[in-house]
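Quick one: structure below, then a few questions.
In this text, all values refer to a predicted model and were calculated from it rather than measured experimentally. Along the sequence shown, the residues carry numbers beginning at 1.
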Amino acid sequence: MFVMSNRPILAKATVAAALALSLIMASPATAQQSMYASSALADSAVEQVQVPPLIGAVDLQVLMGLTEPQIVDIRNPRAIRSLYSYASGHIPGAVNVPYGTWRNIWTDPLNVPTDADMTRAIQSMGLTKDRPVVIVHSSAARGNFGSAAWVYWVLKTAGFENIAILNGGVRGWKDMGGEMSTEAVEIVPSQEVITVDQTWLATHEDVDAVINGTSDAQLLDARPLHQIMSDASIEGSFTLNAEELITGDKGMAGDDLEIFMRIKDAGLEWQRGEVITYCNNGALAAVDWFMASEIAGIPNVKVYGHSLRARERALDALES
């Protein structure tokens with residue numbers, strides 16, 4: 001039985017989304033009522049509030065009144081365009097851990113990050129697992145959601161369970177009338193010790209096994225057609241253009257029903273077993289994974305963390 005993940009904090013999952021999910025899976029889908037009824041939140045002193053994978057600006061404001069989420073702004077510290085820049089204005093209390101810092105965890109083209117690597121990175125960001133983490137992107141373009149999805153996935157592999165992406169990013173927060181601050185927030189290193197969880201991580205070996213026919217996992221290319229035309233998909237791959245799961249140029253997730261129908265129409269047998277998403281650098285693959293795993297609640301979906309570009313570098317390194 002696959003259960004749709006909760007989207008809004010203060011609302012029930014829609015009947016339309018539940019119906020769409022039932023079309024994807026062999027088993028009937030059950031829409032799960034949100035834990036976030038506003039009256040229950042207002043009347044209780046909640047120490048640990050569980051956030052949904054996607055949180056809207058209004059719901060983040062509610063959350064900030066209930067607890068102290070760790071708000072992680074992944075924009076550049078300073079950029080020419082204000083929407084891209086943390087220094088030009090950010091959500092009060094948000095720390096700045098630029099996207100490039102998250103990418104640097106995956107610099108080795110041959111090996112996945114070790115527990116020690118991940119521990120050093122997470123501690124330097126000041127993050128702990130005892131409070132919700134909300135990831136904030138610029139929302140200046142569709143690709144910004146991919147950056148946030150990658151960060152979400154990295155945190156998931158680091159063992160974090162209470163994570164959300166701010167849908168619409170900084171733009172959505174500002175459009176809602178949310179308060180902005182230009183005061184930088186100092187990062188205080190944490191003592192969190194990390195064990196890498198490979199449940200959602202596919203390695204070079206996993207992809208090789210599919211190519212060699214020793215694994216029945218299904219490969220899912222998350223790239224748009226123009227990228228596939230210049231660099232062909234791995235043979236036998238299905239495709240699900242991650243950009244079509246994001247609305248317009250505002251870096252927001254698309255409509256629930258549309259997301260579920262696109263997942264269904266990708267042609268995979270989602271209920272059969274493992275699915276490995278991939279793209280050129282990992283961000284679009286993370287979008288496909290996020291929508292399928294975290295929004296649709298489909299198990300056994302993994303991201304090929306090294307991506308096609310790192311695969312090329314790994315093959316060059318092995319041949320040299």
Next item on the list: Starting at CE of Met291, measure out to CD1 of Ile298 and round the result to the nearest 0.5 Å.
Entry: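 One gets 12.5 Å once the value is rounded to the nearest 0.5 Å.
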Check: Can you find a side-chain donor-acceptor pair between Ser233 and Asp221 that sits under 3.5 Å?
Finding: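 Judged by distance alone, the side chains do pair up.
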Margin query: When you compare the side chain of Ile91 with that of Leu60, does any pair of heavy atoms fall below 4.5 Å?
Written below: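 Of all side-chain heavy-atom pairs linking Ile91 with Leu60, at least one is under 4.5 Å.
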Check: Between Leu245 and Leu240, is any pair of side-chain heavy atoms under 4.5 Å apart?
Finding: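 Of all side-chain heavy-atom pairs linking Leu240 with Leu245, at least one is under 4.5 Å.
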Notebook entry, point to check: So which pairs with a foot in residues 267-286 pass salt bridge (charged side-chain N to carboxylate O under 4.0 Å, His left out), sequence neighbours left out?
Noted result: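 Checked against salt bridge (charged side-chain N to carboxylate O under 4.0 Å, His left out) - neighbours excluded - the pairs reaching residues 267-286 are Glu269-Arg272, Glu274-Lys302.
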Check: Within a reach of under 6.0 Å around CD of Glu312, are more than 12 heavy atoms found that belong to other residues, nucleotides or ligands?
Finding: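 More than 12 within 6.0 Å, yes.
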Check: Looking at side-chain heavy atoms only, is the closest gap between Phe290 and Val303 below 4.5 Å?
Finding: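 A side-chain contact under 4.5 Å is absent here.
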Next item on the list: With sequence neighbours left out, write down each residue that passes side-chain hydrogen bond (donor to acceptor under 3.5 Å, both in side chains) with Asn96, or none if nothing qualifies.
Entry: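 Listed in chain order: nothing, the list is empty.
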Margin query: Side chains of Ser138 and Asn144 only: does a donor on one sit below 3.5 Å from an acceptor on the other?
Written below: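 Indeed, the side chains of Ser138 and Asn144 share at least one donor-acceptor pair under 3.5 Å.
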Margin query: Regarding Glu294 and Lys156, does a basic nitrogen lie under 4.0 Å from an acidic carboxylate oxygen?
Written below: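 Salt bridge: yes.
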Note to self: Is any side-chain heavy atom of Val154 closer than 4.5 Å to one of Ile105?
What the structure shows: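 In short, these two side chains touch, coming nearer than 4.5 Å.
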Margin query: Between Trp200 and Trp150, is the ring centroid distance below 6.0 Å?
Written below: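 No.
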Next item on the list: Output, in order, the C-alpha distance, side-chain angles, deciding distance and verdict of salt bridge (Lys or Arg N to Asp or Glu O under 4.0 Å) for Asp108 and Arg313.
Entry: CA-CA 9 Å; Asp108 187 339; Arg313 295 197 304 272; over 6 Å; no
Next item on the list: Applying side-chain contact (heavy atoms from CB on, under 4.5 Å), name anything that partners Ser181, two or more places apart in sequence or on another chain.
Entry: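 Ser181: side-chain contact (heavy atoms from CB on, under 4.5 Å) contacts with His90, Pro92, Glu183.
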Check: Are a donor atom and an acceptor atom from the side chains of Thr128 and Asp130 found within less than 3.5 Å of each other?
Finding: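 Distance-only check passes for Thr128 and Asp130.
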Checklist line | salt bridge (Lys or Arg N to Asp or Glu O under 4.0 Å) between Asp208 and Arg311, intermediate numbers included | finding: CA-CA 10 Å; Asp208 287 343; Arg311 182 177 182 83; 2.6 Å; yes
Notebook entry, point to check: By the rule that ILVMFWY residues connect when side-chain heavy atoms come within less than 4.5 angstrom, directly or transitively, which residues belong alongside Leu219?
Noted result: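 Members other than Leu219 - counting any ILVMFWY side chain reachable under 4.5 Å - are Val207, Val210, Ile211, Ile234, Ile276, Tyr278, Tyr304, Leu308.
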Item checked: Residues which pass side-chain contact (heavy atoms from CB on, under 4.5 Å) with Ala148, listed by chain and number, not counting sequence neighbours ->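 With sequence neighbours excluded, Ala148 shows a side-chain contact (heavy atoms from CB on, under 4.5 Å) to Ile74, Ile135, His137, Ile165, given in chain and number order.
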Checklist line | Distance in Å, Gln70 CD paired with Ile187 CD1, rounded so as to fall on 0.5 Å steps | finding: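 The CD1 atom of Ile187 is 11.0 Å from CD of Gln70, to the nearest 0.5 Å.
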Check: Does the side chain of Asn162 pick up a donor-acceptor pair with the side chain of Arg131 at under 3.5 Å?
Finding: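 The criterion, which ignores hydrogens and geometry beyond distance, is not satisfied for Arg131 and Asn162.
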Margin query: Can you list everything that forms a side-chain hydrogen bond (donor to acceptor under 3.5 Å, both in side chains) with Thr101? Sequence neighbours excluded, please.
Written below: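 Thr101 satisfies side-chain hydrogen bond (donor to acceptor under 3.5 Å, both in side chains) with no other residue.
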Check: Knowing that exactly one of Ile122, Ile194, Ile163 qualifies, which makes a side-chain contact (heavy atoms from CB on, under 4.5 Å) with Lys129?
Finding: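 That would be Ile194; it is the only one of Ile122, Ile194, Ile163 passing the side-chain contact (heavy atoms from CB on, under 4.5 Å) with Lys129.
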Item checked: Minimum side-chain heavy-atom gap Tyr99-Asn76 below 4.5 Å ->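 Of all side-chain heavy-atom pairs linking Asn76 with Tyr99, none is under 4.5 Å.
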